[in-house]
Q: 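Starting off with a structure, shown below.
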Amino acid sequence: MDLSIAAFLVQDGVTNGAIYALLALALVLVFTVTRIIWIPSGEFVTYGTLTLAGLQLGKPPGTVGLLIGVAVVAAIVETIATLRAREARKLPLRLAVWLGVPLAIAAAVWWAAPRGLPLALQIVLALAAVTALGPLIYRIAYQPIADASVLVLLIVSVAVHFALTGLGLWFFGAEGSRTPAFTGASFTAGGLTFSAQSLLVVVASLVLIGLLYLLFGRTLYGKALHATAVNRIGARLVGISPSFAGALTFVLAALLCAFCGVLVGPITTVYYDSGFLVSLKGFVGAIIGGLVSYPLAAAGALLVGLLESFSSFWASAFKEVIVFTLIIPVLLWRSLTSRHHDEE
Amino acid sequence: MNGVTLRDALDVRDLCVAYGKVPAVRDVSLQVAPGSIVTVIGPNGAGKTTLLAAIAGLLPARGVVRCFGDLATAWPVEERVRRGIVLVPERRELFGSMSVADNLRLGAFTRRGEQHKAAIADVYRRFPRLEERRGQLAATLSGGERQMLALGRALMSAPRVLLLDEPSLGLAPLVVRDIFSIIAALRSTGVAILLVEQNARAALAIADYGYVLESGQIAVEGESASLAANPRVAAAYLGQAHTARTPAAPPG
């Protein structure tokens, strides 16, 4: 291996690692705030890519139907819960949130599909549509059992994963899609070639991570999420409802995953079930961060990306095996170094 | 205090709480008027913390809880906080990895607009120590400072009914005196305070009215002075049967 090949592999690894890092951050966010191990994150990646691909082909993507269906179910769940709590006067507002907003987004995507809007607008629409699915899924599957044990939440996550994969097949079809590269440009520096596409992915990921950092450090709602992650009872005692924190977390996490989908689209062909493998790699990164540390999770995801690209060069048949084997020494090291401490 | 008084800030009737089939609190009724301090004293395991947690909405309970006449029984914790029923728990439940200022800011999570600015100035006036430490992480505070922060965070949400669970727990006697004088000073804001304490002497000294909780039931109630003079209460909780002067209840 000479320097140019190594440079290419590093570039490839960092590009993928940046995408995995976004996923790892989403997984850490969801786990710390809601204690849910979010297996279905990969489906949101898939939906992100396939929605954008549909928009680029000029036909309404399956997301429109999916969003309407899920929103109707969520609205029914919310209506029953509201009536049971005898809060009928709050129903119109809640229906506006749980049904009105998703339907408006679905309508916008459906309207925009045949119009060949600029790429940036199409990306915004795709992100909006998939992001809207996040809190809806939380409302239907997780909120009613938010106090359950981590194990129960995990089992529900597995079920949601299979359900969403199936729905993906139904709404998007079995054929794979790829989105065109954002840019074909490349440039050379110091005798090495870099593609602008890779650079764009890395920069976009960094910008998103920066925005998240600002959100948590500077805004009240970001701090409320952080507070819920730090001390669930304390958060309730200052009036932060777990349902609110959960829904907001799923907005952010779904946005991160959809963004991954948009970034991954030009790199590989995405099928209805491709997201799972991508999310597992983000998961390895998140595990390296112990599911609680954002910087460690991002660094771990980067490591996963690099390991993957180098192992695909040396032992391409084993690249997934090598990446997922990484989790064993990490778990060993974590179990040896972590101390069990009390609640406080 | 019972019967015809001003409308009570907190009115609890026949409250029962059980862990599974084991009853922890049975048929407790109590009232707290605005601007008054009412204390619940009693031995370890009498159900004092359980009682407060149920009033705050953290535990399911049977019976009726009213806040200024509104039926609060069905409200979840967050709704009770929004309507002014705020608990300062025994374990403080601070946000350890966040700064003192952020902890206080989140205390005003339910309040709209810029109300939090005036509230935080008020908290810093009552607890100058917190202003000195405002950039410090909550987890690095001393025990007394943690209790001040827990109290300050609760005050940020503009409580109408403040539920205090063992504010003296684990604190040095001098610090206890400070905290209790701050609590007594809150009376002038019109907030109704329900104070649960093992340190009966300190609690009765600042309270207007008191209840003695034993095995989940109210055994004795009365004006603080008459409770302190009650020989049974004095013997069991003020330690006067053994020595003339006893130190504050031991921490922990």
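In what follows, chains carry the letters A, B, and so on, assigned in the order in which the sequence lines appear, proteins first and then strands, with residues in each chain numbered from 1.
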Q: What part of S97(B) gets closer than 4.5 Å to chain A, counting heavy atoms only: side chain, backbone, both or neither?
A: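 Both backbone and side chain.
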Q: Going by the angle between their ring planes, with limits at 30° and 60°, are Y142(A) and F250(A) parallel, tilted or perpendicular?
A: tilted
Q: Name the one of L164(B), L52(B), V196(B), T49(B) that satisfies side chain to side chain contact (heavy atoms under 4.5 Å, CB included) with E90(B)?
A: T49(B)
Q: Decide whether S99(B) and Q136(B) meet the rule of one side-chain donor and one side-chain acceptor closer than 3.5 Å.
A: no
Q: Salt bridge check: are R94(A) and E87(A) linked by an N-O gap of less than 4.0 Å?
A: yes
Q: Non-hydrogen atoms of chain B under 4.5 Å away: do they reach the side chain of A235(A), the backbone, both or neither?
A: both
Q: Counting only non-hydrogen atoms closer than 4.5 Å, does V230(A) touch chain B with its backbone (N, CA, C, O), its side chain (CB onward), both, or neither?
A: side chain
Q: Going by atom types only, do R82(B) and T110(B) share a side-chain donor-acceptor pair under 3.5 Å?
A: no
Q: What residue in N103(B), D102(B), V86(B), L58(B) has the most heavy-atom pairs under 4.5 Å with chain A?
A: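 Winner by heavy-atom pair count: D102(B).
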Q: Side chain from CB out, backbone as N, CA, C, O: work out which of these in L106(B) comes under 4.5 Å of a heavy atom of chain A, or both, or neither.
A: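 Backbone plus side chain of L106(B), per the 4.5 Å heavy-atom cut-off to chain A.
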